*Asks:* 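Structure in structure tokens, see below.
Labels below follow one simple rule: chain letters A, B, ... track the order of the sequence lines, proteins then strands, and each chain is numbered from 1. This one's a predicted model, so the numbers in the text were calculated from it and none came from an experiment. Quick note: numbers below take in every heavy atom, side chains included, and nothing from hydrogens, waters or symmetry partners.
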Amino acid sequence: MSKKVFVGMSGGVDSSVTAALLKEQGYDVTGVYMKNWSQDLPGMVCPWKEDYQDAKRVATQLDIPFKMYDFEAEYRHVVVGYMIDEYKAGRTPNPDIMCNQEVKFKLFLQAALADGADMIATGHYARIQDGQLLTGLDPAKDQSYFLCRVTEDALRKSLMPVGDYLKPAVRELARKFGLATAEKKDSQGICFVGKVGIKDFLSQYVETEPGNIVDQHGMVIGQHDGALFYTIGQRQGLGVGGGLPYYVVGKDMAKNEVYVTADLQDARLWSRELTLASPHWINQPPTTDGHYMVRTRYRADLLEITGIAQHGDTWHITLKDEVRALTAGQSAALYDGERVVGSGIVV
RNA sequence: UGGGGCGUCGCCAAGUGGUAAGGCACCAGUUUUUGGUACUGGCAUUCGGGGGUUCGAAUCCCUCCGCCCCAG
């Protein structure tokens, strides 16, 4: 009897092709739309219905059963709540990593298994081998970073067939299968925030007040409308002109001040050491004699690690070269070649 | 009030008689399953106001307004 796989279908091309490929490979495929967010936001109608329809159409085309799981309450609490709390604390969270960790590869997996599935599948550009997480084959689309907090257990019950393809090939497959979503534009931005923008979104939940923007000489050069809206390394949105561009180098949430510099050599913009909290290792923790690379934000270059040490529940990493705009709250994902070792949250 | 300097797009800033550089900010687009970054494009019929000289002025002259500095 063929294995029963529940595919998380978002209504996009990648997950559509995932379902098609698995069906072609002989799996007993069921499509599932995860309803994580449906609320409209000022200036934007939540597209969940269209996405649901698209996913369902593809399921119909593929002649597979289709169902919807409603995780709105949990998502709201575990992802959105986390995100808002982090911003309030002055950090810059990565809600999509949290979504994968807590919703897709935990709630969805549990629900699917309880529903009779043997495995789940998603449209991520990453590969799974023997419970290990590997980068997607397409270096331009690799999404392994977003999966750096998934467990080995979950990986052993998951499939990501699209990770073996290049993005253009996936589009091509979608056309070949005649899928309704073949030409659908890639989504971008936090799934539920979409076009609205993080600032407008947060404004719905957090009270903010204007504060000072202070430059590298300690001079107040402008006003911002809430320190929590800004992230380290950010350039646009400060509204301060004159001479060179300014980049955010720090924040003081208590004083509600944002610190910027126009000097790209400013020491506050660069770091060679990083401290990671809440470590999560997919298979085994890294070893001090291993040779690892680290990625400190999505699509950032992999950086060479020269030293790694554990101190209780935090890990200290030394880099060969300095990174620009290391940001608290972001995940630092460790790589051993093409394998994702795990990650920690930048302190 | 004497003496000196200045006033060019929201900000910084070229241009000193030949018909408004550039940067920042901002806006749009591209890239992107976070926030960002980066890249591309857009952005002063007009040079503090008024008058004059000239074929022609932001650039010269007069005058008014507003800043700054040194004197006091």
Side-chain angles (χ1 to χ4, degrees), chain A residues 8 10-15 34 36-37 47 51 75 79-80 82-84 86-101 103-105 122-126 136 138-150 160 162-163 167 184-202 213 215 219 221-224 226-249 251 258 260-264 269-270 295-301 323-333 343 345-346:
Chain A
S10 67
V13 221
D14 300 329
S15 55
M34 274 177 260
N36 295 331
W37 186 268
D51 291 339
Y75 186 88
V79 178
V80 181
Y82 149 80
M83 186 177 98
I84 293 170
E86 283 291 286
Y87 271 109
K88 277 185 184 166
R91 292 186 288 268
T92 305
N94 189 319
D96 287 346
I97 288 180
M98 185 55 88
C99 176
N100 286 327
Q101 176 186 335
V103 180
K104 291 179 184 156
F105 294 91
T122 62
H124 286 105
Y125 283 84
D138 186 342
K141 287 298 293 186
D142 173 41
Q143 292 171 333
S144 58
Y145 176 77
F146 288 108
L147 300 167
C148 63
R149 299 189 73 80
V150 170
M160 299 175 187
V162 151
K167 178 76 192 194
K184 192 168 173 182
K185 193 180 186 308
D186 287 12
S187 66
Q188 51 183 251
I190 306 176
C191 43
F192 58 91
V193 176
K195 271 277 173 199
V196 172
I198 190 71
K199 197 167 176 177
D200 293 327
F201 180 80
L202 288 174
I213 298 176
D215 76 0
M219 298 289 294
I221 57 166
Q223 298 287 302
H224 66 252
L228 89 168
F229 293 129
Y230 299 86
T231 189
I232 309 304
Q234 178 170 346
R235 165 179 173 170
Q236 296 198 54
L238 291 164
V240 183
L244 296 168
Y246 288 99
Y247 294 90
V248 175
V249 292
K251 309 196 275 186
V258 171
V260 300
T261 186
D263 176 13
L264 279 175
L269 200 51
W270 300 89
R295 173 168 284 148
T296 55
R297 46 182 69 192
Y298 179 53
R299 286 189 81 239
D301 290 335
V323 223
R324 181 168 158 191
L326 187 67
T327 304
Q330 291 285 291
S331 285
S343 70
I345 307 295
V346 175

*Asks:* Using a heavy-atom cut-off of under 4.0 Å over every strand shown, decide if A/T327 touches base, sugar-phosphate, or nothing.
*Replies:*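 Here A/T327 touches the bases of the nucleic acid.
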
*Asks:* What does A/G329 touch in the nucleic acid at a heavy-atom separation under 4.0 angstrom: a base, only the sugar-phosphate, or nothing?
*Replies:*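 Result for A/G329 = nothing.
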
*Asks:* Counting heavy atoms from C-beta on, name the nucleotide in B/U33, B/A38, B/U34 closest to the side chain of A/D186.
*Replies:*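 Ranking B/U33, B/A38, B/U34 by closest atom to the A/D186 side chain puts B/U33 first.
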
*Asks:* Could you tell me how far apart A/L244 (CG) and B/A25 (P) are, to the nearest whole angstrom?
*Replies:*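 Those two atoms, CG and P, are 9 Å apart.
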
*Asks:* Under 4.0 Å between a side-chain N/O of A/Y298 and OP1 or OP2 of B/U33, yes or no?
*Replies:*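 Affirmative; the distance criterion is met.
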
*Asks:* B/U34 base to A/Q330 side chain: any donor-acceptor pair below 3.5 Å?
*Replies:*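 Counting by modelled atom types and ignoring angles, a donor-acceptor contact under 3.5 Å is found here.
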
*Asks:* For the side chain of A/K185, counting heavy atoms from C-beta on, which of B/G36, B/U33, B/U31 is nearest?
*Replies:*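 Ranking B/G36, B/U33, B/U31 by closest atom to the A/K185 side chain puts B/U31 first.
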
*Asks:* Looking at every strand, decide which applies to A/L238 at a 4.0 Å heavy-atom threshold: base, sugar-phosphate, or nothing.
*Replies:*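 Sugar-phosphate, backbone atoms only, no base.
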
*Asks:* Nearest to the side chain of A/I198, heavy atoms from C-beta on, is which of B/A38, B/U34, B/G36?
*Replies:*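 The nucleotide sitting nearest to the side chain is B/G36.
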
*Asks:* Could you tell me how far B/G52 sits from B/U59 if I compare only their P atoms? Round to whole Å.
*Replies:*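 Those two atoms are separated by 14 Å.
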
*Asks:* Based on Watson-Crick and G-U pairs with both distances under 3.5 Å, what dot-bracket line describes RNA chain B 5' to 3', crossing pairs as [ ] and inter-strand pairs as |?
*Replies:* .(((((((.[[[..)..(...]]].(((((.......))))).....[[[[[..)....]]]]]))))))..

*Asks:* So, is A/Q234 close to the B/U37 phosphate, meaning a side-chain N or O under 4.0 Å from OP1 or OP2?
*Replies:*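 A/Q234 to B/U37 OP1/OP2: no side-chain N or O under 4.0 Å.
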
*Asks:* Between B/A71 and B/C65, how far apart are the P atoms? Round to whole Å, please.
*Replies:*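 Looking at atom P only, B/C65 and B/A71 are 26 Å apart.
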
*Asks:* Do A/T327 and A/T92 meet the criterion of a side-chain donor-acceptor pair at a distance under 3.5 Å?
*Replies:*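 Their side chains do not contain a donor-acceptor pair, so the 3.5 Å distance test is not met.
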
*Asks:* Less than 4.0 angstrom from a charged side-chain N to a carboxylate O is my criterion; do A/D14 and A/K184 meet it?
*Replies:*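 No.
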
*Asks:* Applying ring pair (Phe, Tyr, Trp, His ring centres under 6.0 Å), can you list everything that pairs with A/Y230, at least two apart in sequence or on another chain?
*Replies:*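 In terms of ring pair (Phe, Tyr, Trp, His ring centres under 6.0 Å), with neighbours along the sequence ignored, A/Y230 is linked to A/H224.
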
*Asks:* Would a distance-only check, ignoring hydrogens and angles, find a side-chain to backbone donor-acceptor pair under 3.5 Å from A/W37 to A/V80?
*Replies:*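 Side chain of A/W37 to backbone of A/V80: no pair is present.
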
*Asks:* Tell me, do A/T261 and A/D215 make a side-chain contact under 4.5 Å, heavy atoms counted?
*Replies:*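 No; the side chains remain at least 4.5 Å from each other.
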
*Asks:* Is the positively charged end of A/R324 above the ring of A/Y247, judged by distance under 6.0 angstrom from the centroid and angle within 45° of the axis?
*Replies:*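 Flagged: A/R324 positioned over aromatic ring of A/Y247.
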
*Asks:* Which is true for A/Q143 with a 4.0 Å heavy-atom rule: it touches a base, it touches only sugar-phosphate, or it touches nothing?
*Replies:*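 Base, at least one base atom sits under 4.0 Å.
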
*Asks:* Can you tell me how far C1' in B/A21 sits from the matching atom in B/U53, rounded to whole Å?
*Replies:*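 Going atom to atom, C1' in each nucleotide, I get 28 Å.
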
*Asks:* With heavy atoms under 4.0 Å as the rule, sort A/R235 into base, sugar-phosphate or nothing.
*Replies:*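 Contact class for A/R235: sugar-phosphate only.
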
*Asks:* Looking at A/D186 and A/K167, does any basic side-chain N land under 4.0 Å from a carboxylate oxygen?
*Replies:*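 Salt bridge between A/D186 and A/K167, a charged N being under 4.0 Å from a carboxylate O: yes.
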
*Asks:* Rounded to whole angstrom units, what separation is found between the CG atom of A/D96 and the P atom of B/U33?
*Replies:*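 Answer to the nearest Å: 10 Å.
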
*Asks:* Does A/Y247 reach a base, just sugar-phosphate, or nothing at all? Heavy atoms under 4.0 Å.
*Replies:*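 Result for A/Y247 = sugar-phosphate.
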
*Asks:* What I want to find out is whether A/R295 reaches A/D142 closely enough, with some N-O distance under 4.0 Å, to be called a salt bridge.
*Replies:*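 A/D142 and A/R295: salt-bridged.
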
*Asks:* Nearest-Å distance, CG (A/L264) to P (B/C24)?
*Replies:*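 Taking CG of A/L264 and P of B/C24, I get 12 Å after rounding.
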
*Asks:* If you check the A/P245 side chain, which of B/C24, B/G36, B/U34 turns out closest?
*Replies:*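 Per side-chain heavy atoms of A/P245, the pick is B/C24.
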
*Asks:* Output one line per pair: protein atom, nucleotide atom from nucleotides 7-11 of chain B, and distance, for all N/O pairs under 3.5 Å.
*Replies:*
from: B/C11; atom 1: O2'; to: A/G241; atom 2: O; distance (Å): 3.4
from: B/C11; atom 1: O2; to: A/G242; atom 2: N; distance (Å): 3.0

*Asks:* Just call it for A/K167: base, sugar-phosphate, or nothing, with non-hydrogen atoms closer than 4.0 Å on any strand.
*Replies:*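 The answer is nothing, as A/K167 stays clear of every strand by at least 4.0 Å.
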
*Asks:* For A/Q236 and B/C27, give me the distance from atom CD to atom C1', rounded to whole Å.
*Replies:*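 Atom CD in A/Q236 sits about 10 Å away from atom C1' in B/C27.
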
